[in-house]
There are 2 protein chains.
Amino acid sequence: MRQEKIVDLANSENCPVRNVLDRFGDKWSTLILLVLGRKEPLRFGAIHRSIGTISQKMLTVSLKKLEADGLVDRTVFAEVPPRVEYCLTERGKSLLPVLQQLVDWANEHMEDIRASRAASGVD
Amino acid sequence: MRQEKIVDLANSENCPVRNVLDRFGDKWSTLILLVLGRKEPLRFGAIHRSIGTISQKMLTVSLKKLEADGLVDRTVFAEVPPRVEYCLTERGKSLLPVLQQLVDWANEHMEDIRASRAASGVD
DNA sequence: CAGCATCCTAATGGATACTG
DNA sequence: CAGTATCCATTAGGATGCTG
């Protein structure tokens, strides 16, 4: 495997990390991907209920971003009342293992982090 | 069969993912960890130059958060002019492989994502 | 049901000036 | 050098009301 530059940090345009973080660093995108990774397809309302605290607006804009990035597929059924289903694309699925690693790490270290934070008096 | 909860998404207090994302979902923390992962220890100014576009203020507050979370160690040397060195803690190092996976994924998929985004007319 | 449009507030983060 | 302190612009995101 080749060891080239990990990131070109000085140039945000060409830095994949910056670019990707700018997308998934928001409050909801990662969560939506994880929800869909757990069970799909899901309807708009089902995702909404799964996350619970997300506002309708943010769910809408987040899903649109994910769709624009080719991570989520949106299917509209010509029914009344309307039904819209969301599922992961192959690209979206390929991100899941990485996110799962993050989840695992979070589960493993959250308590310690919480303790450190409390001890430092920062929050 | 009952569905196993990966994350308790409805409860942000008890959800490690939410909790961790709230910390690293910011614009700079992940970048700082990656910089230190590449080479440490680093002085304040060195990190500043490595990232380039970060403001002094944001570097300061981000480092303080990472320190409070026990991911980064801060060492002050009693010299004139002052020297402060930062390095990763064991906990911080344990996050690196996960972040590296994210970097790898980003490198691999960024061009496609960029293309999808452009095609969708969103940005 | 699945949204869009609008308004509004809170948080993020950049610029600048100053200090031990 | 390694920060603080302050001010200000931008953005994220919530609340509410309306529509096909």
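Throughout, a chain's letter reflects where its sequence line sits, starting with A, and its residues are numbered from 1. This structure is a prediction, so every number in the text was calculated from the model and none was measured.
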> In terms of side-chain heavy atoms of M58(B), which of dG3(C), dG13(C), dG3(D) is nearest?
Replying inline: dG13(C)
> Which nucleotide in the set dA2(C), dG3(D), dG14(C) lies at the smallest distance from any side-chain heavy atom of T60(B)?
Replying inline: dG3(D)
>> So S94(B) and H109(A), do their side chains get closer than 4.5 Å, heavy atoms only?
In response: yes
> Any side-chain heavy atom of L71(B) within less than 4.5 Å of one from F24(B)?
Replying inline: yes
Round to a whole Å and report the spacing from [atom1] of [X] to [atom2] of [N].
X	N	atom1	atom2	result
E79(B)	dC1(D)	CD	C1'	11 Å
D22(A)	dT12(C)	CG	C1'	13 Å
F24(B)	dT12(C)	CZ	C1'	18 Å
F77(A)	dG3(C)	CZ	P	13 Å
H48(A)	dG3(C)	NE2	P	12 Å
R49(A)	dA2(C)	CZ	C1'	12 Å
D26(B)	dG13(D)	CG	P	13 Å
I54(A)	dA2(C)	CD1	P	14 Å

>> Quick check against the 3.5 Å criterion: does T89(B) have a side-chain atom that pairs as donor or acceptor with the backbone of G70(B)?
In response: yes
> In the 5'-to-3' direction, what one-character label does each nucleotide of nucleotides 15-20 of chain C receive under the scheme B = base within less than 4.0 Å of a protein heavy atom, S = sugar-phosphate only, - = no such atom?
Replying inline: B----B
> Side chains of T75(B) and R83(B): donor-acceptor distance under 3.5 Å anywhere?
Replying inline: no
> With no hydrogens and no angle check, do the side chains of T53(B) and R18(A) hold a donor and an acceptor under 3.5 Å apart?
Replying inline: yes
Side-chain N or O of [X] closer than 4.0 Å to phosphate OP1/OP2 of [N]:
X	N	result
K27(B)	dG14(C)	yes
R43(A)	dC1(C)	no
Y86(B)	dG3(D)	yes

Taking all non-hydrogen atoms of both residues, which atom of [X] and which atom of [Y] are closest, and how far apart?
X	Y	value
R74(A)	V76(A)	NH1-CG2, 3.4 Å
P97(A)	K93(A)	CD-O, 3.3 Å
H48(A)	S55(A)	NE2-C, 4.1 Å
P82(A)	R43(A)	O-NH2, 3.4 Å

> F44(B) vs Y86(B) aromatic rings, parallel, tilted or perpendicular, using cut-offs 30° and 60°?
Replying inline: tilted
> Are E111(A) and R114(A) close enough for a salt bridge, meaning some N to O gap below 4.0 Å?
Replying inline: yes
>> For DNA chain D, which residues of residues 62-74 of chain B approach it to below 4.0 angstrom with any heavy atom?
In response: K64(B), R74(B)
> What is the bend of the helix from dC1(C)-dG20(D) to dG20(C)-dC1(D) when you compare the axis at one end with the axis at the other, using five pairs each and rounding to 10°?
Replying inline: 50°
>> So, taking the atom named CD in Q101(A) and the one named CG in L99(B), what distance separates them when rounded to the nearest 0.5 Å?
In response: 10.5 Å
